[in-house]
Amino acid sequence: MTFVVLSLSQMGHVMAIRSARRSTFELGLFSNRPLAGAVALTITLQIATIYVPFMNDVPGTAPLDAWHLAGALALSCGIFVLVEGEKYAVRHGLFRWNSQDVSQHDQPIL
């Protein structure tokens, strides 16, 4: 379960950090097609590593039941929510960055 949470958390994080200020939803989830494809492939391989029997042997994983998978997905969303919350706070002036930092990081990575 830890393996799933860490892997999926990284996928949420990479989708959230494409821009320092603009929301992921404003940018569009599929605006960077190679990145979206890489994330989809990683999630597919992650699920295969858990549920395909011969792929369980190498990392030593076991299939998760629905409750454990749902818990892993919920925990994995935490990083995405925190990054989006930080961007929301910056956009709405709840806290500020140094003006040089904002100008360097304001452009989305596309």
Side-chain angles (χ1 to χ4, degrees):
M1 191 168 161
T2 302
F3 181 53
V4 174
V5 171
L6 290 174
S7 178
L8 296 181
S9 292
Q10 289 301 309
M11 296 304 99
H13 187 243
V14 75
M15 292 301 287
I17 63 168
R18 294 184 300 150
S19 171
R21 293 179 56 93
R22 294 174 61 197
S23 167
T24 299
F25 302 107
E26 181 184 342
L27 292 173
L29 290 173
F30 303 104
S31 62
N32 184 334
R33 292 199 188 274
L35 178 64
V39 168
L41 178 62
T42 301
I43 291 171
T44 301
L45 290 172
Q46 177 68 45
I47 297 300
T49 301
I50 299 168
Y51 292 107
V52 175
F54 74 89
M55 293 182 76
N56 293 149
D57 297 336
V58 176
T61 59
L64 298 176
D65 62 31
W67 287 107
H68 287 112
L69 184 59
L73 290 171
L75 288 170
S76 298
C77 291
I79 297 296
F80 181 82
V81 169
L82 288 172
V83 172
E84 288 296 319
E86 176 190 22
K87 291 190 291 187
Y88 177 87
V90 168
R91 281 193 314 269
H92 290 85
L94 300 175
F95 65 84
R96 301 196 186 280
W97 286 340
N98 179 332
S99 61
Q100 291 175 345
D101 290 341
V102 172
S103 64
Q104 291 173 3
H105 302 289
D106 198 29
Q107 298 300 316
I109 300 169
L110 297 175

Do [X] and [Y] have side chains that get closer than 4.5 Å, going by heavy atoms?
X     : Y     : result
Asn32 : Met15 : no
Phe3  : Gln46 : yes
Glu84 : Tyr88 : no

Problem set entry | Closest heavy-atom pair and its distance - Phe80, Gly12 | CD1-O, 3.4 Å
For this session: For Arg21 and Lys87, work out which heavy atoms get closest and say how close.
Result: O-CB, 3.7 Å
Could you go through residues 35-42 and list every donor-acceptor pair under 3.5 Å that involves a side-chain atom there, pairing it with any protein atom two or more places apart or in another chain?
residue: Thr42; atom: OG1; partner: Ala38; partner atom: O; Å: 2.8

Problem set entry | Shared hydrophobic cluster for Val81 and Leu8 (ILVMFWY, side-chain gaps under 4.5 Å) | no
Exercise. Met1, Ile43: one ILVMFWY side-chain cluster at the under-4.5 Å cut-off?
Worked result: yes
For this session: Verify whether one side chain among Arg18 and Ser31 offers a donor that lies under 3.5 Å from an acceptor in the other.
Result: yes
Run the side-chain donor-acceptor check on residues 58-79: report pairs under 3.5 Å with partners two or more places apart or on a different chain.
residue: Thr61; atom: OG1; partner: Thr49; partner atom: O; Å: 2.7
residue: Thr61; atom: OG1; partner: Asn56; partner atom: ND2; Å: 3.1
residue: Asp65; atom: OD1; partner: Trp67; partner atom: N; Å: 3.1
residue: Asp65; atom: OD1; partner: His68; partner atom: N; Å: 2.8
residue: Asp65; atom: OD1; partner: His68; partner atom: ND1; Å: 2.8
residue: Asp65; atom: OD2; partner: His68; partner atom: ND1; Å: 3.1
residue: Ser76; atom: OG; partner: Val5; partner atom: O; Å: 3.4
residue: Ser76; atom: OG; partner: Ala72; partner atom: O; Å: 2.7

Exercise. Hey, what do you get for OG (Ser7) to CG (Leu45), rounding to the nearest 0.5 Å?
Worked result: 9.0 Å
For this session: Look up atom CD1 in Ile17 and atom CD in Glu86, then write down how far apart they are to the nearest 0.5 Å.
Result: 11.0 Å
Problem set entry | Pairing residues for Glu26 by the side chain to side chain donor-acceptor pair (under 3.5 Å) criterion, not counting sequence neighbours | Arg22
